[in-house]
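Quick note: numbers below take in every heavy atom, side chains included, and nothing from hydrogens, waters or symmetry partners.
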Amino acid sequence: RANPEKYRVGSRFAVELKNSQLGIVEVVDCKNVTLNSLNDWILALDTGYTGNVGKDIFRKMYKLKDNEDLLLSFVLFKYV
């Protein structure tokens, strides 16, 4: 889950790649959701897979048990 103090709406961050700054982004919104509440659209966007296959990718990545849920944070940024 994202740090609510760090990822507050309006917070700004430098985006860097290989020690080169690409720009500044600002937090537009942050949503906390559970893995079990994710729909196929979000799963496909994040993992490339839908349904249980997409959820299993998260479970494997976070070393979760089969029925264990997970709290995730989706943070939306925009370049400023």
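For the pair Asp40 (side chain) and Thr50 (backbone), a donor-acceptor distance under 3.5 Å is absent. Checked by atom type and distance alone, the side chain of Ser11 never pairs as donor or acceptor with a backbone atom of Tyr7 at under 3.5 Å.
Cluster annotation: Val27 is not connected to Leu76 through the hydrophobic network of ILVMFWY side chains, with a link wherever side-chain heavy atoms come within less than 4.5 Å. Cluster annotation: Val80 and Val9 are assigned to distinct hydrophobic clusters (Ile/Leu/Val/Met/Phe/Trp/Tyr, side-chain heavy-atom contacts under 4.5 Å, transitive). Trp41 and Val53 sit in two unconnected hydrophobic clusters of ILVMFWY residues. Membership requires side-chain heavy atoms under 4.5 Å apart, directly or through other members. Under the 4.5 Å side-chain heavy-atom criterion for grouping Ile, Leu, Val, Met, Phe, Trp and Tyr, Val75 is connected to Leu22 within one hydrophobic cluster. No continuous path of hydrophobic side-chain contacts links Val28 to Tyr79 [ILVMFWY only; heavy atoms under 4.5 Å].
Here the straight-line distance linking atom NZ of Lys78 with atom CZ of Arg12 works out to 8.0 Å at 0.5 Å rounding. To the nearest 0.5 Å, atom OG1 of residue Thr34 and atom CG of residue Leu72 are 8.0 Å apart.
Across all their heavy atoms, Asn39 and Ile42 have their closest contact at OD1-N, 2.9 Å. Pairing each heavy atom of Glu68 with each of Arg59, the nearest pair is O-NE, 3.9 Å.
Results of the side-chain contact (heavy atoms from CB on, under 4.5 Å) test with Phe77 over Asp29, Val25, Ile24 single out Val25 as the only residue that passes. No option in Leu64, Leu43, Thr47, Asp69 other than Leu43 meets the side-chain contact (heavy atoms from CB on, under 4.5 Å) test with Lys55.
Within the 4.5 Å cutoff, the side chain of Phe74 has no heavy atoms near those of the Leu45 side chain. Side-chain atoms of Phe58 and Asp46, non-hydrogen and from C-beta on, do get closer than 4.5 Å to each other.
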Q: Could you please spell out the steps behind the side-chain contact (heavy atoms from CB on, under 4.5 Å) verdict for Tyr49 and Asp56?
A: CA-CA 10 Å; Tyr49 295 91; Asp56 286 344; over 6 Å; no
